[in-house]
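One structure is given below, encoded as structure tokens.
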Amino acid sequence: MNKYKELERLENLKLDGAISEEEFRREKDLILNISDNQSRESNPLGMKENDYLALMHVSQFAGFFIIGLGFIIPIILWQIAARRSEVIDKHGRNIVNFILSLIIYYAVLFASCILLVSLYKEIVYLLAFVVSALAVIFAVAIVTLIIIAVIKASRGEFWKYPLSIQFFRYKK
């Protein structure tokens, strides 16, 4: 169906009261954007969609070099292209859910450490060792999960990060 027929169908749905004005505008924008950009890629960097998805996931590693950057870059990449592709939007939501979950898990780990150290001052060195070991295991797990997500995204597959809390629901 060409874009004019699709727009006409949308107009009829709006006139019949089947969709609201907001739904009409959103769908109209989607039709026009898709039609205007058919020859272009679906993201602003001009990459294939799978490569862009992999970039979104791999950009989390920036946080290992500069604190906060691994949170900011994926969100920027997601927001730049989320309206152009449902797949990019889904992966972006997945990444942000994972990052927010990690922040919560680290906060709980940190609070637990403070509590244990204040309660058991006589074994503070043992606690420090256990916490350090847990932090290393946690970091290795995070790196592994991100690598798995990058590989899956580059193949065009969606992979939900395990143990991530659903702050942002995926569109169905």
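This structure is a prediction, so every number in the text was calculated from the model and none was measured. No hydrogens, no waters, no symmetry mates; every other heavy atom, side chains included, goes into these values.
Here NZ of Lys28 is found 8.0 Å from NZ of Lys14. Values are rounded to the nearest 0.5 Å.
Neither Ile137 nor Val130 shares a network with the other; the hydrophobic side chains, linked directly or stepwise wherever heavy atoms of I, L, V, M, F, W or Y lie under 4.5 Å apart, form separate groups for each. One hydrophobic cluster, built from ILVMFWY side chains closer than 4.5 Å, holds both Ile123 and Leu115. Connection of Val140 to Ile146 is not established within any shared hydrophobic cluster, with ILVMFWY side chains joined at heavy-atom distances below 4.5 Å, either directly or through further cluster members. The hydrophobic cluster containing Ile66 also contains Met56, counting ILVMFWY residues as joined when their side-chain heavy atoms lie under 4.5 angstrom apart, directly or transitively. Two different hydrophobic clusters hold Leu116 and Val131 under the rule that ILVMFWY side chains link at heavy-atom gaps under 4.5 Å.
A salt bridge is absent between Glu8 and Lys5; no separation between the charged side-chain nitrogens and carboxylate oxygens falls under 4.0 Å.
The side-chain heavy atoms of Phe64 and Val143, taken from C-beta on, include a pair separated by under 4.5 Å. Contact check for Leu55 versus Val58: side-chain heavy atoms found under the 4.5 Å cut-off.
Qualifying side-chain contact (heavy atoms from CB on, under 4.5 Å) partners for Glu23, counting only residues two or more places apart in sequence or in other chains: Ile19, Ser20, Arg26.
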> When you look at Leu134 and Phe138, which way does the side-chain contact (heavy atoms from CB on, under 4.5 Å) test go after all the steps?
Replying inline: CA-CA 6 Å; Leu134 282 174; Phe138 204 47; 6.0 Å; no
>> With side-chain contact (heavy atoms from CB on, under 4.5 Å) as the criterion, how do Arg9 and Asn12 come out once you've worked through the C-alpha distance, each side chain's angles and the decisive distance to 0.1 Å?
In response: CA-CA 5 Å; Arg9 186 184 69 80; Asn12 291 335; 5.6 Å; no
> Is there a side-chain contact (heavy atoms from CB on, under 4.5 Å) between Leu145 and Trp159 once you walk through the steps?
Replying inline: CA-CA 10 Å; Leu145 293 175; Trp159 184 71; 3.5 Å; yes
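Figure legend: cation-pi geometry between Lys152 and Phe158 absent, as NZ or CZ is not positioned both under 6.0 Å from the six-membered ring centre and within 45° of its axis.
Under a 3.5 Å cut-off, the side chain of Asn97 and the backbone N or O of Gln166 do not form any donor-acceptor pair. For Arg93 (side chain) and Phe168 (main-chain N/O), no donor-acceptor pair under 3.5 Å exists by modelled atom type.
Cluster note: Ile114 groups with Phe110 through ILVMFWY side-chain heavy atoms spaced under 4.5 Å, whether in direct contact or through intervening members.
Closest approach of Leu77 to Tyr52, counting heavy atoms only: O-OH, 2.7 Å.
The side-chain hydrogen bond (donor to acceptor under 3.5 Å, both in side chains) pairs that include a residue from residues 56-78 are His57-His91, His57-Tyr161, Gln60-Tyr161, Trp78-Asp89, where partners are two or more places apart or lie in different chains.
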